[in-house]
Q: 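One structure is given below, represented as structure tokens, and several questions about it will come after.
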There are 2 protein chains.
Amino acid sequence: MSKTLQQIDYSKETEALARFSKALGHPTRLIILKYLSNQSYCYTGDLVDVLPLAQSTISQHLKELKEAGLIDGELKPPKVKYCINQKNWKKASKLFSTIFDEDFTDFSCC
Amino acid sequence: MSKTLQQIDYSKETEALARFSKALGHPTRLIILKYLSNQSYCYTGDLVDVLPLAQSTISQHLKELKEAGLIDGELKPPKVKYCINQKNWKKASKLFSTIFDEDFTDFSCC
DNA sequence: ATTTATTATCGTATATTTGCGATTAACTAT
DNA sequence: ATAGTTAATCGCAAATATACGATAATAAAT
């Protein structure tokens with residue numbers, strides 16, 4: 001009686017929220033986003049100067065944030081200028097709001 | 001010139017937010033939390049009935065949510081009654097709010 | 001003491017993530 | 001054309017995550 005599996009069809013919203021959450025699920029990436037918000041934009045090299053991680057590692061984290069849609073990269077040769085993707089950031093914000101809404105989970109319980 | 005590494009000392013808040021995010025970073029766990037919020041509580045078996053996943057897999061996801069502090073489990077032999085951990089849920093809510101605050105990232109950019 | 005019901009844990013396989021150094025690619029400037 | 005600067009990608013290793021079936025644990029009820 002194996003409960004076959006793979007693919008479960010999650011809703012678009014669930015998929016999206018999981019994606020965003022996963023991207024936020026590493027301290028380094030949170031630091032990057034925080035830095036990015038303070039500076040409004042930054043280059044890869046700025047982060048390499050700030051973080052005690054190899055350039056390749058930081059580049060990888062940036063890639064993940066970009067693939068999750070949370071940041072954009074713009075070519076400014078020979079640099080790359082990163083900034084937060086406002087559209088998706090708002091989308092993420094809304095999705096997290098629904099989760100943490102009062103009536104999502106305000107129960108007397110256990 | 002290796003940028004030694006491991007351990008980076010992230011702030012408590014960053015660690016906590018990463019932890020919560022990671023726990024939310026899988027669709028199945030979001031479904032579980034959603035279910036849990038609709039029912040206010042549930043047993044493992046309820047989820048096994050609902051989700052197309054093996055009992056052991058679901059138990060594992062519950063464990064992760066529990067270890068992240070997002071849910072509590074109470075023994076009601078032979079069942080286990082799960083519910084959302086309101087205290088940590090609020091904590092998570094606040095942490096995510098700080099991230100998605102207006103002034104965290106509302107810039108003209110790129 | 002045995003059986004039943006429920007759930008956690010173990011062992012395993014596979015996939016993904018995280019990190020590194022080395023290399024390549026892209027574009028400037030000489 | 002060559003050299004310089006910056007960042008992405010490749011290849012690798014180690015750790016973690018995700019799924020499963022099988023087994024163990026827990027407590028109730030017979």
Side-chain angles (χ1 to χ4, degrees), chain A residues 1-8 10 14-15 18-32 35-36 41-68 71-83, chain B residues 1-8 10 14-15 18-32 35-36 41-68 70-83 110:
Chain A
M1 37 93 81
S2 67
K3 315 263 309 257
T4 10
L5 87 122
Q6 239 108 299
Q7 296 311 354
I8 304 178
Y10 302 104
T14 300
E15 296 272 18
R19 192 85 207 289
F20 287 135
S21 298
K22 203 172 176 187
L24 297 177
H26 193 289
T28 296
R29 290 195 286 272
L30 291 175
I31 299 280
I32 290 173
Y35 186 87
L36 214 38
Y41 67 85
C42 76
Y43 302 98
T44 308
D46 300 338
L47 296 165
V48 174
D49 293 340
V50 164
L51 297 170
L53 291 167
Q55 178 265 322
S56 58
T57 303
I58 291 166
S59 193
Q60 222 171 321
H61 282 302
L62 287 168
K63 189 183 177 188
E64 290 212 32
L65 288 170
K66 201 165 82 178
E67 285 177 353
I71 64 173
D72 287 319
E74 187 190 1
L75 256 71
K76 291 281 186 183
K79 300 188 173 189
V80 176
K81 186 179 178 181
Y82 282 102
C83 63
Chain B
M1 37 95 80
S2 67
K3 318 261 309 261
T4 8
L5 88 126
Q6 239 108 296
Q7 298 309 355
I8 306 179
Y10 303 103
T14 300
E15 296 273 16
R19 192 84 206 289
F20 287 136
S21 297
K22 204 171 175 187
L24 297 177
H26 193 289
T28 296
R29 289 195 288 272
L30 291 176
I31 300 281
I32 290 173
Y35 187 87
L36 214 37
Y41 66 86
C42 76
Y43 303 99
T44 308
D46 300 338
L47 295 164
V48 175
D49 292 341
V50 164
L51 298 169
L53 292 167
Q55 177 265 322
S56 58
T57 302
I58 291 166
S59 193
Q60 222 171 317
H61 281 301
L62 287 168
K63 189 183 178 188
E64 291 212 30
L65 287 171
K66 202 166 83 181
E67 285 176 354
L70 291 175
I71 64 173
D72 288 318
E74 187 191 0
L75 256 72
K76 291 280 186 183
K79 300 188 173 190
V80 177
K81 185 178 177 180
Y82 283 102
C83 63
C110 284

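Here the structure is a predicted model, which means the values were calculated and not measured. In the text below, chain A, chain B and the rest are named by the order of the sequence lines, each starting its count at 1.
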Q: Between NE2 of A:His61 and CG of A:Leu51, what distance do you get to the nearest 0.5 Å?
A: 8.5 Å
Q: Below 3.5 Å is the cut-off: list the nitrogen or oxygen pairs between protein and nucleotides 14-17 of chain C, distance only.
A:
{"from": "C:dT17", "atom 1": "OP1", "to": "A:Lys22", "atom 2": "NZ", "distance (Å)": "2.7"}

Q: If you take all heavy atoms of A:Phe20 and A:Ala68, which pair is closest and at what distance?
A: CE2-O, 3.2 Å
Q: Quick one, A:Val80 and A:Tyr43 - any side-chain contact, counting heavy atoms below 4.5 Å?
A: no
Q: Are side-chain heavy atoms of A:Val50 and A:Tyr35 found at a separation under 4.5 Å?
A: yes
Q: Rounded to the nearest Å, what distance is computed from the CD atom of residue B:Glu67 to the C1' atom of nucleotide D:dT18?
A: 15 Å
Q: Give the rounded distance in Å between these two atoms: CG of A:Leu75 and C1' of C:dC27.
A: 9 Å
Q: Please give, in whole Å, the distance from D:dC20 C1' to B:His61 NE2?
A: 12 Å
Q: Quick one: which of D:dT18, C:dT9, C:dG19 gets closest to the side chain of B:Gln60?
A: D:dT18
Q: Could you write out each protein N or O paired with an N or O of nucleotides 4-7 of chain C at a distance under 3.5 Å?
A:
{"from": "C:dT7", "atom 1": "OP1", "to": "B:Thr44", "atom 2": "N", "distance (Å)": "3.3"}
{"from": "C:dT7", "atom 1": "OP1", "to": "B:Gly45", "atom 2": "N", "distance (Å)": "3.4"}
{"from": "C:dT7", "atom 1": "OP2", "to": "B:Gly45", "atom 2": "N", "distance (Å)": "2.9"}

Q: Please give the angle, rounded to 10 degrees, between the axes at the start and the end of the helix from C:dA1-D:dT30 to C:dT30-D:dA1, where five pairs define each axis.
A: 0°
Q: When rounded to the nearest 0.5 angstrom, what is the spacing between CD1 in A:Ile32 and CD1 in A:Ile58?
A: 6.5 Å
Q: Between C1' on D:dA7 and NZ on A:Lys63, what's the gap in Å once rounded to a whole number?
A: 13 Å
Q: Report yes if a side-chain nitrogen or oxygen of A:Thr57 is closer than 4.0 Å to either non-bridging phosphate oxygen (OP1 or OP2) of C:dC20; otherwise report no.
A: yes
Q: Separation of A:Asp72 atom CG from D:dA8 atom P, in whole Å?
A: 13 Å
Q: Please give, in whole Å, the distance from D:dA19 P to B:Leu47 CG?
A: 14 Å
Q: Using every non-hydrogen atom in the two residues, find where B:Leu30 and A:Thr14 come nearest and quote the distance to one decimal.
A: CD1-O, 3.5 Å
Q: Is there a side-chain contact between A:Leu53 and B:Ile8, using heavy atoms and a 4.5 Å cut-off?
A: yes
Q: Nearest 0.5 angstrom please: A:Asp49 CG to A:Cys42 SG, how far?
A: 10.5 Å
Q: Please report the interatomic distance CG(A:Leu24) to CG(B:Leu24), rounded to the nearest 0.5 Å.
A: 9.5 Å
Q: Where the side chain of B:Leu53 is concerned, which of D:dC20, C:dA22, C:dG19 is the nearest nucleotide?
A: D:dC20
Q: 5'-most contact on DNA chain C: A:Pro77 or A:Thr28, nearest heavy atom basis?
A: A:Thr28
Q: Please check: side-chain N/O of A:Arg19 versus main-chain N/O of B:His26, any donor-acceptor pairing under 3.5 Å?
A: no
Q: What are the two closest heavy atoms between B:Leu36 and B:Tyr82, and how far apart are they?
A: CD1-O, 3.4 Å
Q: Is a donor on one side and an acceptor on the other found under 3.5 Å between the side chain of B:Arg29 and the backbone of B:Ala23?
A: yes
Q: Would you mind reading off the distance between A:Leu62 atom CG and C:dG19 atom C1', rounded to a whole angstrom?
A: 15 Å
Q: CD1 of B:Ile58 versus P of D:dA17: gap in Å, rounded?
A: 19 Å
